[in-house]
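Since this is a predicted model, take the numbers as computed values, not measurements. Protein chains get the first letters and strands the later ones, always in sequence-line order, with residue 1 at the start of each.
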There are 2 protein chains.
Amino acid sequence: MDKAGYQLTDFLHGLSGKQGDEIIRRGTTRDLKAQTVLFHEGDPARQTYLVLKGRLKLGKVHELGKEVLIRYIGPGELAAMITVLEGRDYPVTAETVGETRVVGWDRRTMLQIMAECPQLSINMIRNSMDRLEDLQSRYLELHAEQVEKRIARSLLRIMKQSGRRSGDEIIIDFPISRQELADYTGTTLYTVSRTLSAWEKKGWVKSKRARIIIADPHALVLFSEKG
Amino acid sequence: MDKAGYQLTDFLHGLSGKQGDEIIRRGTTRDLKAQTVLFHEGDPARQTYLVLKGRLKLGKVHELGKEVLIRYIGPGELAAMITVLEGRDYPVTAETVGETRVVGWDRRTMLQIMAECPQLSINMIRNSMDRLEDLQSRYLELHAEQVEKRIARSLLRIMKQSGRRSGDEIIIDFPISRQELADYTGTTLYTVSRTLSAWEKKGWVKSKRARIIIADPHALVLFSEKG
DNA sequence: TTGTTTGTTTGCGCTGGCGCAAAGACAGTG
DNA sequence: CACTGTCTTTGCGCCAGCGCAAACAAACAA
């Protein structure tokens, strides 16, 4: 359990490592395998989770098949804040992407902790605001932007959140299939595949099965902004 | 300024009328004409607003023309919570729909009030959660649902938030143009117009210029769920 | 090795719904 | 009243991108 140096988006931002550890100790830490469902859309919300290591993906499904990928949740970020409110259900499903360590608190504990440490409320509000903004932008794009540009923006978003630099290239360091990228962008598997193939020919990206490397980030940014 | 009985979605939920009035007194109350821009997307966030009377609409624009209507804000709800965070810009533009009374607080005051009254933090979190859920659902729909169903759902959403019953019919009690309904739904003026015309023939809705009456809510609900 | 599973690519045809254009309806003003 | 600006309706043509189908490729197991 690493201490000290909680970052800006962090739930524990502004707290000392000691305070953070104490708070983590009051929850239940769990290690999860890849592709484990942590909670299901529609189930009563019992725990709020903080990701310590690894990554969750939050998805929402539509009657019969269609799915959207709302967001990836990385280390330091909360999932299911909704739990602090009484009698709510999870609005999304959370599944681990790789091996993932989370800590969970139930409502009572969470409210206690928040009462003792008002900074946490601010951090939660910051996090909700950030997510709301993100989704507002994507909502706008989904309506106003062409698919190819949206795919570009999606890749760049994911890259910012989880990219690992390697020379000029940027590696997205977790497996993401064409289908998932489609769900995240709001398009289809086929369109994503066609688009990535085209970009591969231009040398903008390289990709293997479920692995994407952005070879020319600059070109992608230009494309996403202009066309 | 009406006291007592703040409702569930309210910012002042759980407070006595007296406490609420005191908090309102510490802000700046303003009466605005219809179609007044309260704040602009991109401007530095200086004030958080609570709507006391009337209605705001929050919109976001895309480079050149295209616009989405993120949400209507009615009495009791907050706009621009983002202000409590340092150095942020408004992510949307807020414009009054009819005559509207709001009260605004700057960040310092807001943080003080929140520190004195932790319940407000919970209320703010509740409100962000609700909005996030709303937007997540609409994001899913925008991707997964056909336009006509989306228009139906949009109408029903607006109806729930601002409908006035009159016999079997439900009147949406503020002016909303085809263009606005299109921006809210994520489609075009033309498609909305064609759709409403068709529904008018079926007797589901009646509409005059910028006024919509839902004549057969039940039929609309059925249609939005099945088709 | 072979077989199985799971993911990816690409050709091809189809259509939902966008958006122009032009006419019509309504509200407000002087 | 006529005049002006704003909102609405509808016909029509077009195309982005969806989705089937079928082949292909990579990963893993036995």
Side-chain angles (χ1 to χ4, degrees), chain A residues 33-35 57 62 64-69 95 97-98 141-155 172 174-202 205-213 223 227, chain B residues 33-35 57 62 64-69 95 97-98 141-155 172 174-202 205-213 223 227:
Chain A
K33 292 208 172 69
Q35 340 274 22
K57 73 175 203 204
H62 193 257
L64 273 182
K66 291 231 185 187
E67 182 169 351
V68 280
L69 210 164
E95 188 183 325
V97 174
E141 283 166 22
L142 186 49
H143 173 225
E145 207 110 65
Q146 321 225 103
V147 256
E148 296 211 340
K149 282 201 192 180
R150 286 186 353 241
I151 297 174
R153 288 196 199 245
S154 296
L155 262 188
I172 290 173
F174 63 92
I176 178 167
S177 69
R178 303 286 183 271
Q179 180 65 63
E180 284 169 317
L181 189 49
D183 291 341
Y184 185 77
T185 307
T187 179
T188 63
L189 164 60
Y190 309 107
T191 302
V192 168
S193 178
R194 281 183 258 267
T195 305
L196 287 188
S197 296
W199 291 350
E200 189 129 24
K201 274 170 200 141
K202 296 191 187 181
V205 301
K206 300 178 196 172
S207 69
K208 304 200 182 94
R209 146 187 280 233
R211 288 285 164 186
I212 301 177
I213 294 171
F223 174 80
Chain B
K33 292 208 172 68
Q35 342 275 23
K57 71 175 204 203
H62 192 258
L64 272 184
K66 291 231 184 187
E67 183 170 349
V68 280
L69 210 163
E95 188 184 324
V97 175
E141 285 168 21
L142 186 49
H143 170 61
E145 206 111 64
Q146 322 223 103
V147 254
E148 296 210 341
K149 283 202 191 178
R150 290 194 341 249
I151 297 174
R153 288 197 199 243
S154 296
L155 261 188
I172 289 173
F174 63 90
I176 179 167
S177 68
R178 302 287 183 269
Q179 180 65 64
E180 283 169 317
L181 188 50
D183 291 341
Y184 185 76
T185 307
T187 179
T188 62
L189 163 60
Y190 309 107
T191 302
V192 168
S193 178
R194 280 185 259 267
T195 305
L196 287 188
S197 296
W199 290 351
E200 190 129 25
K201 274 169 199 141
K202 296 191 188 182
V205 303
K206 301 179 195 171
S207 70
K208 305 200 184 91
R209 147 187 279 237
R211 288 284 166 186
I212 300 178
I213 295 172
F223 174 80

* Structure fact -> By side-chain hydrogen bond (donor to acceptor under 3.5 Å, both in side chains), B/Ser207 pairs with (sequence neighbours left out) B/Arg178, B/Glu200
* Enter the distance from B/Asp183:CG to B/Ser154:OG here, rounded to the nearest 0.5 Å. => 11.0 Å
* For DNA chain C, whose closest nucleotide is more 5', that of A/Leu196 or that of B/Lys66? -> A/Leu196
* Structure fact -> chain A reaches DNA chain D, atoms under 4.0 Å from its heavy atoms, from D/dG17 to D/dA27
* **Least distance between heavy atoms, B/Ala34 atom then B/Val97 atom** => CB-O, 3.5 Å
* To do: Calculate, to the nearest 0.5 Å, the distance between atoms OH and CD belonging to B/Tyr184 and B/Gln179 respectively.
  => 16.0 Å
* **Side chain of A/Lys201 (C-beta onward), nearest among C/dG7, C/dG17, C/dT10** => C/dT10
* Between P of C/dA27 and CZ of B/Arg211, the distance in whole Å -> 11 Å
* Could you state the interatomic distance from CZ (A/Arg150) to CG (A/Leu155), rounded to the nearest 0.5 Å? -> 13.0 Å
* Asked: Do B/Arg194 and C/dG19 have a side chain to base donor-acceptor pair shorter than 3.5 Å?
  -> yes
* Asked: Shortest non-hydrogen contact from A/Leu196 to A/Val205?
  -> O-CG2, 3.9 Å
* Rounded to whole angstroms, how far apart are CG on A/Leu189 and P on C/dT8? -> 7 Å
* Would you say the side chain of A/Leu181 lies within less than 4.5 Å of the side chain of A/Ile212, judging by non-hydrogen atoms? -> yes
* Residue matched to C/dT5 through Watson-Crick or wobble contacts both under 3.5 angstrom -> D/dA26
* Asked: Over how many whole Å does the gap from B/Glu200 atom CD to C/dA25 atom C1' extend?
  -> 13 Å
* Structure fact -> From the list B/His143, B/Glu141, B/Glu145, side-chain hydrogen bond (donor to acceptor under 3.5 Å, both in side chains) partner of A/His62 resolves to B/Glu145
* Asked: Quick one: does A/Thr191's side chain get under 4.5 Å of A/Thr185's, heavy atoms only?
  -> no
* To do: By nearest nucleotide on DNA chain D, pick out whichever of B/Tyr190 and B/Arg209 is the more 5' one.
  => B/Arg209
* Could you tell me whether B/Ser197 contacts a base, only the sugar-phosphate backbone, or nothing, with contacts defined as non-hydrogen atoms closer than 4.0 Å? => sugar-phosphate
* Structure fact -> What residues 175-186 of chain A contributes to the DNA chain C interface at heavy-atom separation below 4.0 Å is A/Ser177, A/Arg178
